[in-house]
Amino acid sequence: MSTSAEPRVSGLEVRSIDYVPLDERHGKLWHLGPLWFMSNAQIATLAVGLVSITQGGNLLWSLLAIVSGTVIGTFFMAFHSAQGPQLGLPQMIQSRPQFGYVGALLVWLFAYVQYAGFNVFNSILAADSLHTTLHGGVRLWVVVVTVVALVIALVGYDIIHKAERVLTYAFLVIFGIFTVGVLVTLHYPAGSFDLGGFRWTPFLAQFGVVAGYQISWAIYVSDYSRYLPPDVTVRKTFYWTYFGSALGGIWLMVLGALLAAWAGPKTFRTIPAIDSAGDKVFTGFGAVVLLFSALGLVSVTALNMYGGSLTLISAIDSFRRVRPTLAVRLVTLGLTAALSLVGALAATSNFLANFENFLLLVLYLFIPWTAVNLMDYYVVRRGHYAIAEIFNPHGVYGRWGRHGIIAYLVGFAAMVPFFSVGTLFLGPAARALGGADISLFVGLPVSALLYWWLTRSIDVEAETRLAVAEAAALEQAAHEHREP
């Protein structure tokens, strides 16, 4: 239980982008495991596993692309998670030391677009699941899903953690039975497991989308570890986040590939395929799986609203300092929920069909950011930040972090020739590779190494001394519920 000097109102979380003082830290480290497992173990993730099959890849190499993409992509998001307990801050506000007090808006804009895009997709999938089983119309269920997710996000951090733990236990039972049914009752086309069926383009397309999907969680992760005490250690925080997210992701993406190979890529539709496959276990089980899937999608929609609210508050704070109160949380959550609702009600089938392209866009935008942020935290500053200065528009981190911005833009530019986005864009390097997309392997090292080279003159010891000098004032400001 929190020992906050700032009272909670009707059980609602009060804090947002502000620092969490040490005597309010609470929770168990293992809670990160089910949180990130269940965040990934929902049917929006299942849709990520379809890419290679729909592009003509065989099932075996699709599964290998899923596993390898998850193993690599999750590596980065889990290292971001380890920053939360050490800094006591949500994820995106931590971009200020690299990009500057105002310059961080560059990545916050992209992050907010990501939250909105995922929420549109998740709420439509949830509504479709509920309409298929309970009827009533997709638009009605979109509204219901959005409202329930808003309530969960408003209550905040603790209820989100508890909900994901409960859903994890139920998932293991329901989807455990469903998965066994898929493996035992479904039959796959000839050549599905032929090692000789390897093709670079669908393999790398699947790998890139999976890695991008996992990296896309990087903008969330510290939001859900920042209340933990700093003595949980980086290594253990990394492990619980990594294995929770990777296992949930691999499970659902593999299911997606199996269902697509069985149903046929040209006729595959997520909701009907799950319903039909579930009914092969026993009549009516497909409906059970879909109803539970809707609950999982509601929970992850709440995560997106929560993170979107934090990002929006951070952005507003860049122009006008914000006192992080419950009222601010209410307003920004309401705006984020309204944007999600309008987007979901206005979305067309083209949006859903282009979800793969959306995931690739996320990958492209956040590869340079994750490279810069992790290089700064683990190599340049080695976890030592003057946290009070992050909230100071005229502090040591400046208004514009030219090192981070330059490294980001150069890394992104280096990736452009390697982009392969369906029929939308094919870079010259990707064209020379037969449509294969290896931009991930270009953007990461370019942005990371350039940022390291540009920041060699940073006086980390001076920043560390400043952090020590401001530590008491930081804790006091947090207890008074104001920025330092």
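Positions are given from 1 along the sequence. Values below: all heavy atoms of this structure, side chains included; hydrogens, waters and symmetry mates excluded.
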Side-chain contact test, heavy atoms from C-beta onward, threshold under 4.5 Å: evaluate it for F99 versus V372 and give yes or no.
yes
Any donor-acceptor pair under 3.5 Å from E164 side chain to S299 backbone = no
Would you confirm whether E475, through its side chain, and L22, through its main-chain N or O, come within 3.5 Å as a donor-acceptor pair? yes
Could you walk me through whether L89 and F391 pass the side-chain contact (heavy atoms from CB on, under 4.5 Å) test, one step at a time?
CA-CA 11 Å; L89 297 173; F391 297 96; 3.7 Å; yes
Criterion side-chain contact (heavy atoms from CB on, under 4.5 Å) on M92 and D223, from CA distance to verdict
CA-CA 9 Å; M92 295 312 292; D223 299 354; over 6 Å; no
* Asked: Any donor-acceptor pair under 3.5 Å linking the side chain of Q42 with the backbone of M38?
  -> no
The complete set of salt bridge (charged side-chain N to carboxylate O under 4.0 Å, His left out) pairs with one or both residues in residues 207-222, sequence neighbours excluded, reads none
The side chain to side chain contact (heavy atoms under 4.5 Å, CB included) partners of I152 (sequence neighbours excluded) come to V148, I159, I160, V298, A302
Quiz item: Does one side chain, of N392 or Y397, offer a donor that lies under 3.5 Å from an acceptor on the other?
Solution: no
- For W200 and F198, run ring-ring contact (aromatic ring centres under 6.0 Å, His included): C-alpha distance rounded to whole Å, both residues' side-chain angles, the deciding distance at 0.1 Å, then the answer. CA-CA 7 Å; W200 267 113; F198 178 77; 5.2 Å; yes
Partner of F412 under ring pair (Phe, Tyr, Trp, His ring centres under 6.0 Å), picked from F418, W369, F419, is F419
Main chain of A41, side chain of T45: is a donor-acceptor contact present, judged purely on distance under 3.5 Å? no
Quiz item: Do T301 side-chain atoms and A149 backbone N/O form a donor-acceptor pair below 3.5 Å?
Solution: no
Quick note, salt bridge (charged side-chain N to carboxylate O under 4.0 Å, His left out) partners involving residues 83-102, not counting sequence neighbours, are R96-D317
Of all heavy-atom pairs linking R25 and P230, the shortest is NH1-CD, 3.6 Å
Please determine, by modelled atom types, if H80 and T370 share a side-chain donor-acceptor pair under 3.5 angstrom. yes
The test is side-chain contact (heavy atoms from CB on, under 4.5 Å); show your working for Y364 and S439 and say whether it passes. CA-CA 8 Å; Y364 298 152; S439 58; 3.2 Å; yes
Give a yes or no on whether the backbone of M305 and the side-chain of T336 come within a donor-acceptor separation of less than 3.5 Å. no
Q.
Is the shortest side-chain heavy-atom distance between P324 and R329 below 4.5 Å?
A. no
Across all chains, not counting sequence neighbours, the salt bridge (charged side-chain N to carboxylate O under 4.0 Å, His left out) partners of R321 are E483
Nearest heavy-atom approach of E389 to L466 is CG-CD2, 3.5 Å
- Message: Between R431 and P417, is there a side-chain heavy-atom distance shorter than 4.5 Å?
- Response: no
- Counting distance only, does the side-chain N/O of S68 pair as donor-acceptor with the main-chain N or O of A65 below 3.5 Å? yes
Here the side-chain hydrogen bond (donor to acceptor under 3.5 Å, both in side chains) pairs for residues 241-251, sequence neighbours left out, are N40-S245, S81-T241, T179-W251, Q214-S245
Could R226 and E13 be called an ion pair, given the rule that one side-chain N must be under 4.0 Å from one carboxylate O? yes
**Request:** Assign the ring pair Y157 / Y224 to parallel, tilted or perpendicular, where the plane angle (0 to 90°) is split at 30° and 60°.
**Result:** parallel
Under 6.0 Å between the ring centres of F441 and F207?
yes
Here the side-chain hydrogen bond (donor to acceptor under 3.5 Å, both in side chains) pairs for residues 402-419, sequence neighbours left out, are none
For R381 and P97 the tightest heavy-atom approach is NH1-O, 3.7 Å
Which is it for H26 and D158 under the side-chain contact (heavy atoms from CB on, under 4.5 Å) test, yes or no, and what are the steps along the way? CA-CA 10 Å; H26 63 282; D158 288 333; 2.9 Å; yes
* Is T237 reaching over with its side chain to a backbone N or O of P85, donor-acceptor style, under 3.5 angstrom? -> no
query: Are any of the side-chain heavy atoms of F175 and L252 separated by less than 4.5 Å?
result: yes
Ring-plane angle category for Y377 and Y385, please: parallel below 30°, perpendicular beyond 60°, tilted otherwise. parallel
| query | Is it true that a side-chain atom of Y239 and a backbone atom of A78 form a donor plus acceptor pair closer than 3.5 Å? | reply | no
